[in-house]
Amino acid sequence: MTSPEAVRVRLEGYARGKIASILQPLSERLLVEQPVDPVAFMVQYLTAERSDLRSAVADETIAVADEVGTEALPTEDHPLLDRIWDLKHRNEVLSRLRRKDAKRLEAQNEELQGRIEFLESKLNSAGIEYDTREPVPPEMMTFLDWEAGQLDASPEDDKDDEGFQYRSYTEMPPFTKLHGSMVASLLKEEDFNKHVKVSTGTGFTLSNMIQSGVTGPNVPVGICMGDEDCLAMFGGIIAPIAQALHGKDLNKSHHVTDVSVESVPLPDEETVGHLSDRIFAITLKAHRSISGFPLAAGISTAQRSEIASLMRDTARPLVKSLGGEFAELSELDPNVEEVIEALGMCMEATVKEGSVMHLSGAGRGWPADRALWYDKSLTSVVHVNGMDHLSIMVHNADGDVVGVWADFVRVYGLVESSLESHRRRFSAHHAFGFLTSDPGMMGCAFTASCLLRVPIDILADQVKSCSQKFGMRAVRVPDDKQEGGGIVIWELSSKGTADITEAAIMQNLTQAAAEIVQLLPQDPQEEEDD
């Protein structure tokens, strides 16, 4: 039988060994780190290690008692044994509680992390850029909670797909200061309450129409029409926004279209020559919807597929007359894609998160049933099932203002006549003009732009003044696209589409560019010839 003295020696040796294992690292750290306040440093260190030492000595005492029997312990240790057992039990209970607390905190952390990821996804999908080092404004946090509740409460919509759910708002959206869209500033609560339960014949609601402006604070307009009936059902909401965009009451307008070669007077040969030396990258674009189909934000998958099939047949006269091919976007030849993408005429491969296409539902199912026709020279393109049913585009890189308009008229005419042969037509309203998803494109739904090389000594105010005189916008292109050499590149583009025809916009672009060119210093050789 082990004597009490031997047990004491064993326990004291164990304790000294444990103490040494704690003090030796302390000594090394004091020598290496040389703290400013060594006493405070040692107190902090020993306090942190104390519980481990006490627990270790208690474990060893209990282990000896189990091994040799309680009676073998020194007599003076007998009263402490029960205390050790009690402390050990309490330590085990505390450990279990700490483990439960750790699991609870871990669960809370996971919940908070999930909440953070949810909020980040909502901000990203809304196109909001924010500094992750800064807290999200409380106003936006409140809005995101509201929007999440509206999303959960919205009933299933036949237009929903796997990646997009239409909302059914139960109350006026609480727009925040971060909402910069026109719908956020112009939509009145009484108008919302009056129309919130109204729907068009295709089931498109006010909630559907304003969803892009509610979920996307950064979008400029904030409404996307879903079908031809939206003007009749929600005209009181659309009209003020359209008036703010176009600067006039479209209800008092009378839509006229004119896409003909003879409607744009030909510049004289000298002007054409000067323009071709200075102008390049002319792009003409018309947005059109096909009557009888909902617009992109309200169309069903089956209807979108029907349009793709219709346009495949409609494109045959284009292919016959101008060559090229009608291709699904997902099957587009990479070489063709590279060329037309460089000209800014290619459909996006994916729908950008936070874009109007994404937020309005117009991009559902992308890229299924999205297609395009392109001619053999890769300068004429027709998009199918983008933001609008059709986007008809023609590009000229040589500054040929006469040729590019003639090319556009030809392509446009072939599309229009081919649709009519299938008993279809472009969708239009007698006052608001061609119907498009974006109210900002109403009217002739046509834009024209070009790039213009101007000597650096021509003042910006002069360029802008000439452009504004003809209803054009002049913007200096970014520095990374400038050529240098004393030349500044400007982009001229049309500003309005209401109460003006396509031909008039083309003529204005030509006249604005011609007047800017007249500001340029004449070439010395030309002066000598004169």
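Note that this is a predicted model, so its numbers are computed, not measured.
For the pair Leu378 and Val336, the minimum side-chain heavy-atom distance is below 4.5 Å. Leu322 is listed as a side-chain neighbour of Trp373, based on a closest heavy-atom distance under 4.5 Å. The side-chain heavy atoms of Leu492 and Ile279, taken from C-beta on, include no pair separated by under 4.5 Å.
Thr170 pairs by the side-chain contact (heavy atoms from CB on, under 4.5 Å) definition with Gln150, not counting sequence neighbours. For Thr510, the side-chain contact (heavy atoms from CB on, under 4.5 Å) criterion is met by Pro267, Leu275, Val401, Met506, not counting sequence neighbours. For Ser449, the side-chain contact (heavy atoms from CB on, under 4.5 Å) criterion is met by Thr283, Glu491, Ser493, not counting sequence neighbours. Taking Asp479 as the reference, Arg476 meet the side chain to side chain donor-acceptor pair (under 3.5 Å) condition, with sequence neighbours excluded. Shown here are the ring pair (Phe, Tyr, Trp, His ring centres under 6.0 Å) partners of Phe470, two or more places apart in sequence or in another chain: there are none.
Of the possible donor and acceptor atoms, none in the side chain of Asp461 sits under 3.5 Å from a partner among the backbone N and O of Ser465. Side chain of Ser418 to main chain of Val415: no donor-acceptor pair is present (N/O by atom type, distance under 3.5 Å, no hydrogens or angles). Put simply, the side chain of Gln165 never gets that close to the backbone of Glu156: no donor and acceptor are under 3.5 Å apart. Under a 3.5 Å cut-off, the side chain of Ser494 and the backbone N or O of Thr447 do not form any donor-acceptor pair. Using a distance-only test at 3.5 Å, with no hydrogens or angles considered, no donor-acceptor pair links the side chain of His287 to the main chain of Thr436. No side-chain donor-acceptor contact under 3.5 Å links Asp249 to the backbone of Gln243. With hydrogens and angles ignored, the 3.5 Å screen pairs no side-chain donor or acceptor of Asp398 with any backbone N or O of Asp400. Put simply, the side chain of Arg364 gets close to the backbone of Ala296: a donor and an acceptor are under 3.5 Å apart. Remark: the backbone N or O of Ser154 is not paired with any side-chain donor or acceptor of Ser168 at under 3.5 angstrom. Of the possible donor and acceptor atoms, none in the side chain of Ser305 sits under 3.5 Å from a partner among the backbone N and O of Thr301.
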task: Evaluate the side chain to side chain contact (heavy atoms under 4.5 Å, CB included) criterion for residues Ile340 and Leu372: first the C-alpha distance (whole Å), next the side-chain angles of each, then the deciding distance (0.1 Å), finally the verdict.
output: CA-CA 11 Å; Ile340 62 177; Leu372 66 163; 3.7 Å; yes

- prompt: side chain to side chain contact (heavy atoms under 4.5 Å, CB included) between Phe175 and Glu139: does it pass, once the steps are laid out?
  reply: CA-CA 9 Å; Phe175 293 111; Glu139 184 183 19; over 6 Å; no

- prompt: What's the verdict on side chain to side chain contact (heavy atoms under 4.5 Å, CB included) for Ser360 and Met387, showing C-alpha distance, side-chain angles and the deciding distance?
  reply: CA-CA 10 Å; Ser360 66; Met387 195 66 214; 3.7 Å; yes

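Sequence neighbours left out, not one pair with a member in residues 334-348 passes salt bridge (Lys or Arg N to Asp or Glu O under 4.0 Å). Among residues at least two apart or in separate chains, ring-ring contact (aromatic ring centres under 6.0 Å, His included) pairs with a member in residues 397-420 are Trp405-Phe408, Phe408-Tyr412, Phe408-Phe446, Tyr412-Phe426. Pairs engaging residues 440-450 under the salt bridge (Lys or Arg N to Asp or Glu O under 4.0 Å) rule: none recorded [sequence neighbours left out]. Listed by first and then second residue, the salt bridge (Lys or Arg N to Asp or Glu O under 4.0 Å) pairs that reach into residues 314-328 are Arg312-Glu328, Asp313-Arg316, sequence neighbours excluded. Annotation: ring-ring contact (aromatic ring centres under 6.0 Å, His included) contacts involving residues 192-229, sequence neighbours excluded, are absent. Screening residues 211-266 for ring-ring contact (aromatic ring centres under 6.0 Å, His included), with sequence neighbours left out, gives His255-Phe434.
One finds a salt bridge joining Arg167 and Glu147 here, because a Lys/Arg side-chain nitrogen approaches an Asp/Glu carboxylate oxygen to under 4.0 Å.
Closest approach of Ser467 and Ile516 over heavy atoms only: OG-CD1, 3.7 Å. Nearest heavy atom pair, residue Pro455 against residue Arg278, reads CD-NH1, 4.0 Å. Between Phe164 and Gln211, the shortest heavy-atom contact is CZ-NE2, 3.3 Å. Taking all atoms of both residues into account, the shortest heavy-atom contact from Ala371 to Met347 is O-SD, 3.4 Å. Residues Cys346 and Leu332 approach most closely at SG-CD2, 4.1 Å, considering heavy atoms. For the pair Ser380 and Met345, the tightest heavy-atom approach, listed with the atom from each and the gap, is N-CE, 4.4 Å.
Shown here is Lys495, whose NZ atom has more than 12 heavy atoms of other residues, nucleotides or ligands within 6.0 Å. Remark: Asp152 CG is packed, more than 12 non-hydrogen atoms of other residues, nucleotides or ligands lying under 6.0 Å away.
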Atom pairs and distances, donor-acceptor, side-chain atoms in residues 179-191, under 3.5 Å, two or more places apart:
unit_1	atom_1	unit_2	atom_2	d
His179	ND1	Thr176	N	3.0
His179	ND1	Thr176	OG1	2.9
His179	NE2	Val214	O	3.0
Ser181	OG	Ala184	N	3.4
Ser185	OG	Met182	O	3.1

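Of the inter-residue distances, the one linking Asp369 atom CG with Gln303 atom CD reads 12.0 Å to the nearest 0.5 angstrom. Taking CG of Leu250 as the reference point, atom CG of Asp499 lies at 7.0 Å (rounded to 0.5 Å). Interatomic distance, Gln468 CD to Arg473 CZ, rounded to the nearest 0.5 Å: 10.0 Å.
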